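Order of the sequence lines sets the chain letters (A, B, ...), proteins ahead of strands, with each chain counted from 1. Not measured: the values here are computed from a predicted model.
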Number of protein chains: 2
Amino acid sequence: MASSLPAPLPHDDPAPPRWQQRKAAATRKLILDAATDCLVEGGYARLTTVEVLKQANVSRGAMHHHFTSRADLVSALIHHVLHKRLERFLSDYLSALKDTDPAHAIAVATDVHWQSMKTPEFTAFLELVMAARTDPELSALLVPATREFERTWISEVERAIPHWSGASDQMLLANDVAAALHLGLLINRPFIEDPARREAVRDTLVALVKDLFAQSKG
Amino acid sequence: MASSLPAPLPHDDPAPPRWQQRKAAATRKLILDAATDCLVEGGYARLTTVEVLKQANVSRGAMHHHFTSRADLVSALIHHVLHKRLERFLSDYLSALKDTDPAHAIAVATDVHWQSMKTPEFTAFLELVMAARTDPELSALLVPATREFERTWISEVERAIPHWSGASDQMLLANDVAAALHLGLLINRPFIEDPARREAVRDTLVALVKDLFAQSKG
DNA sequence: GATAAAACAGGCATTGGTGCCGGTTTTTCA
DNA sequence: TGAAAAACCGGCACCAATGCCTGTTTTATC
């Protein structure tokens, strides 16, 4: 059967220097994306090696070749998920801010932040976070990686919104409040039947962040 | 070996009408408390029948007698955890409000709310909530039970703080915001190294709730 | 074109969780 | 007092997940 990925082409391609490495990287990414899907669909409990290799359509041997143990897979998955999360958020964030009236910038940015918590990456990340509470080894990997992610996050947001310059305390506070409130709202969602109640919470947050911004300028 | 719980005493106790029922209820509670501990210490993944019966020091047969299947145990555990959560919160809430200057009532109430999220009951509840996301059968039990819990919660808080009377929308919003923000803060805790940052978030919430309260009166 | 190494294929033993069963002790009630 | 029922005991069979292992194919290197 023909591989759907890079074809060998031994006679036509003059200089594909490292074909094995590219193939291996592709398989690796395939497995990690499949693992992310497993996390989203079945939670950390159903993140099993068998389930992942079924989802990725690879053999047991391929799995074992790239990730010797389950812990190995999870370790790589942490960085994979955080990388995708940062990449997608910054992309959405910057493109949303690009063509937006500065007067509505805060409302738009807050909404993008909320939307970013409904992505597969974040769902997978949250599963890892919850599992890490009772798994010291996972925690030892996840906590430093996430802190590094947060630092990059903050510095990128600072670059994106120069208006906050000189008031990084206020901006950090606004970020922390938004992150906590959105996360809690996401989890409590099934228990708040009325959508108006959820919107009221988000509106309150926008007003609060606007207030913090005004304080930082006055 | 002597039972550490209710002793038979066939000749001395004139009227213990249903001794079996009391014994059964005690064993049941013992198992459910042990299950709560398992959730706290090992998360939903390690909530296994074997682990629970070890923790409770009961036999396999006793376990099977009271809870035929694991699903049976989880179903009872939901109500057990919600009951304990409501009981403890109301107790702490009312006793804290009793001897408090009304001017600081909101700050105190908010703090009690935050403290209530660090209890074993809430930790266990959160594990159930996260597991329910990818477990439809668990979700079908947990969601209605939690909504009922929320209704009781709200009505009890309304009774406890008559000042909000006539502004139940504002009170509900304040409650929703506090619940979401505290929950998110609890989960994000390991990633916020500086305690001052966490306190700043909580101070912001207190100021916000005070503001909502002022709005409801002006 | 021969050799080494990377990438992959598939199976097997162990472990741990679940469900269920036949037997035993204790309590209740006629 | 004696029989029925409730409460409890401990083990076994099944299944799913993990880790490891021995082959096989494909690519790189000399």
- Item | OP1 or OP2 of D:dA7 under 4.0 Å from side-chain N/O of B:Thr27 | no
- Item | Between P of C:dT18 and CG of B:Leu73, the distance in whole Å | 10 Å
- Message: Tell me whether B:Arg70 forms a cation-pi arrangement with B:Tyr44, defined as NZ or CZ under 6.0 Å from the six-membered ring centre and within 45 degrees of its axis.
- Response: yes
- So how far off straight is the helix from C:dG1-D:dC30 to C:dA30-D:dT1, going by the axes through five pairs at either end, to 10°? 10°
- Query: Is a side-chain donor or acceptor of A:Arg85 paired with a backbone partner of A:Phe149 at a separation under 3.5 angstrom?
  - Reply: no
- Ignoring backbone atoms, establish whether B:His66 has a side-chain N or O less than 4.0 Å from OP1 or OP2 of D:dC8. yes
- Task: Take the protein atom CZ of B:Phe67 and the nucleotide atom P of C:dC20, then report the distance between them rounded to whole Å.
- Result: 16 Å
- Mind checking ring-ring contact (aromatic ring centres under 6.0 Å, His included) for B:Phe125 and listing every partner two or more places apart, or none if nothing turns up? B:Phe122
- Task: Applying side-chain hydrogen bond (donor to acceptor under 3.5 Å, both in side chains), name anything that partners A:Asn175, two or more places apart in sequence or on another chain.
- Result: A:Trp153
- Message: With side-chain contact (heavy atoms from CB on, under 4.5 Å) as the test, pick out the partner of A:Val177 among B:Val201, B:Leu208, B:Leu205.
- Response: B:Val201
- Query: Under the criterion side-chain contact (heavy atoms from CB on, under 4.5 Å), which of A:His80, A:Arg28, A:Gln55 is the partner of A:Asp33?
  - Reply: A:His80
- Query: If the sugar-phosphate is the primed atoms plus P, OP1 and OP2 and the base is the rest, what is the B/S/- string for nucleotides 10-20 of chain D, using protein heavy atoms under 4.0 Å?
  - Reply: BBB----SBBB
- Taking side-chain hydrogen bond (donor to acceptor under 3.5 Å, both in side chains) as the test, write out the residues that go with A:His66, two or more places apart. none
- Listed by chain and number, what are the salt bridge (charged side-chain N to carboxylate O under 4.0 Å, His left out) partners of B:Glu121, not counting sequence neighbours? B:Arg88
- Message: Is the phosphate of D:dC8 approached by B:His65 (side-chain N or O, under 4.0 Å from OP1 or OP2)?
- Response: no
